[in-house]
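Here's the structure, in structure tokens; my notes come after.
Chain letters run A, B, ... following the sequence lines, proteins first and then strands; every chain starts at 1. Quantities reported herein were computed from a predicted structural model and do not represent experimental measurements.
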There are 2 protein chains.
Amino acid sequence: MEYPNENMGKIGTIDTSSLVDKAEERIVQYIQENKMVIGDVLPKELDLALNLGVSRTVIREALLRLKTIGLVESKKHKGAVLRNPDVLGSLRKVFHPSILDDATLKDMFELRLGLEVGMADFIVKNITDEDIKELEDIANQVGSGDTAQTWQVEDEIRFHSKLYKISKNRILLELQVMLMPIFNYVHESGLLSSEVVTGDFVSHKELVEVLKTRDADAYRNAIRKHLNNHFKRILG
Amino acid sequence: MEYPNENMGKIGTIDTSSLVDKAEERIVQYIQENKMVIGDVLPKELDLALNLGVSRTVIREALLRLKTIGLVESKKHKGAVLRNPDVLGSLRKVFHPSILDDATLKDMFELRLGLEVGMADFIVKNITDEDIKELEDIANQVGSGDTAQTWQVEDEIRFHSKLYKISKNRILLELQVMLMPIFNYVHESGLLSSEVVTGDFVSHKELVEVLKTRDADAYRNAIRKHLNNHFKRILG
DNA sequence: AATTATATTATGTCATACATATAATGATTT
DNA sequence: AAATCATTATATGTATGACATAATATAATT
């Protein structure tokens, strides 16, 4: 029983949603019922207010929410126009190490590792000869004289960013862009057990060689091994 | 050259951000500079307005954005209190097939497949004997008489939801919950090439058997095969 | 026809007032 | 003294009206 008093039965809940909540709901409903598509414009604020029987203030706040999650975009004189929602856009502002708790940061660290292994099939499917050439170039840049830590990190990012691009999956790519700073933050923070160095490390060069075979299973195993040091830190 | 007129050189951009944009920025800045933590409350709207030299309306809209992305939560009488951001919360409203374009939907279909394969290590790491028992129960419920399509789908969802839970990764779990309806929608829509049936299918029961060995590599291969029909539809 | 003024319109911002819920305080009871 | 209840103060929620601003449509000019 989830009520404080055992004798207290369920009597139904009261609608505590604010006017803005309701207005937002109705507007989304309006969009769906009218089968509106990208580019269509919503009725102007005053009309919405009049029709829903609330003040313009409420409508503005409801619309602002829709703007914030990227569903609409407001143009002066024209109104709120539907846009192809930048699905992950709303995440961008939240994805900062400073405002996330440790558990979440760790989850994201994991997420990135998982994504990279999980997208093997999509990489192999879409990779072109030019892509391979490009990856090879990046992989070769290491060792070319300067082996300072910062350069290594940059090459690391370039190489893996390229992999995401090859996957031709926009969501994946955007996720990666947002996850990368968090990953690096966690990597360098004291959040995880200290780094370990294992024997059978797969280098970027070797990854490229595997990619040349266009064998997804083989690549999946290779990238998993490549990331093994990271995995070890969370798997213990 | 990205300017209409070749003769037009770069003269620097003008800050076109609205007052709300700036206010939002300053508030986030305030949070970081003061090293505020979960539970702390922001100054009240009127104080923020006075200090930033804008109207309360602007402050309210800025705060509303932060509320929408789940960074703060406003309590009457108290103010805007920092909350552990529900990172994916803002996605919930956008994740509806009706408002996403086909390309994005397909990307999400892929994402789910990738996640499931990519999280193999985390499942194997965290799985308990009870988890295995539970998975076994779900797997056995299939075939117990009723083989209607709807039941199959429900068992499918139950089984895979359980897998995500086992991963003990909240982000992964939340993503899955949001992705599932989209996945089903795409699965049933005419968006992908028609379904194919392959020979070597790995069943839920077999997956459980593999999990008993606690071998992440083996499980990764198994789940990849289990999802092979889905993969085939996008890989062609 | 092309450019330049003008008017119109819908959003952006401001100011003020009041409603409402809740934290804090004080009064009452046991 | 502790617990309960009533009161008050306070910060957000909502409403209203006004004006600023930018973009569109229209008219005027070249």
| task | Considering only NZ, NE, NH1 and NH2 on the basic side and carboxylate oxygens on the acidic side, decide whether Arg65(B) and Asp21(B) come within less than 4.0 Å. | result |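 Yes, charged N to carboxylate O under 4.0 Å.
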| query | Should the pair Glu116(A)-Arg112(A) be classified as a salt bridge under the 4.0 Å nitrogen-to-oxygen rule? | reply | yes
| query | Checking salt bridge (Lys or Arg N to Asp or Glu O under 4.0 Å) for the pair Asp102(B)/Lys106(B): CA distance, chi angles, key distance, verdict? | reply | CA-CA 6 Å; Asp102(B) 291 354; Lys106(B) 183 174 152 286; over 6 Å; no
| said: Just to be sure I understand the geometry, which residues of residues 26-40 of chain B put a non-hydrogen atom under 4.0 Å away from DNA chain D? | reply: none
Rounded interatomic separation in angstrom, taking [atom1] from [X] and [atom2] from [N]:
X	N	atom1	atom2	result
Leu50(A)	dG17(D)	CG	P	12 Å
Glu73(A)	dA10(C)	CD	P	18 Å
Leu46(A)	dA18(D)	CG	P	13 Å
Glu24(A)	dG13(D)	CD	C1'	16 Å
Ile59(A)	dA10(C)	CD1	C1'	14 Å
Asp21(B)	dG12(C)	CG	C1'	11 Å
Asp47(A)	dT11(C)	CG	P	9 Å
Glu45(B)	dT16(C)	CD	P	17 Å

Dump every N/O contact between nucleotides 24-26 of chain D and the protein below 3.5 Å, one line per pair.
none

| said: Given Asn169(B), which partner from the list Ile166(B), Leu173(B), Leu172(B) fulfils the side chain to side chain contact (heavy atoms under 4.5 Å, CB included) test? | reply: Leu172(B)
| query | Quick one: do the Thr104(B) and Asp107(B) side chains pair a donor with an acceptor below 3.5 Å? | reply | no
Enumerate all atom pairs, one protein N or O and one N or O from nucleotides 13-15 of chain C, separated by less than 3.5 Å.
{"unit_1": "dT13(C)", "atom_1": "OP1", "unit_2": "Leu19(B)", "atom_2": "N", "d": "2.9"}
{"unit_1": "dC14(C)", "atom_1": "OP2", "unit_2": "Ser55(B)", "atom_2": "N", "d": "3.2"}
{"unit_1": "dC14(C)", "atom_1": "OP2", "unit_2": "Ser55(B)", "atom_2": "OG", "d": "2.9"}

Quick one: sort the [X] and [Y] rings into parallel, tilted or perpendicular, breaks at 30° and 60°.
X	Y	answer
Phe231(B)	Phe122(A)	parallel
His187(B)	His230(B)	perpendicular
His204(B)	His160(B)	perpendicular

| Are Leu42(B) and Ile27(B) close enough, and set up right, to give a side chain to side chain contact (heavy atoms under 4.5 Å, CB included), and what steps lead you there? | CA-CA 9 Å; Leu42(B) 282 170; Ile27(B) 293 173; 3.9 Å; yes
| Donor-acceptor contact present, side-chain Asp40(A) to main-chain Val37(A), <3.5 Å | yes
| task | Check whether any side-chain nitrogen or oxygen of Lys22(A) sits under 4.0 Å from OP1 or OP2 of dG13(D), and answer yes or no. | result | no
| request: Under the side chain to side chain contact (heavy atoms under 4.5 Å, CB included) rule, what do Thr57(A) and Val20(A) come out as? Steps first, then yes or no, please. | output: CA-CA 9 Å; Thr57(A) 308; Val20(A) 179; over 6 Å; no
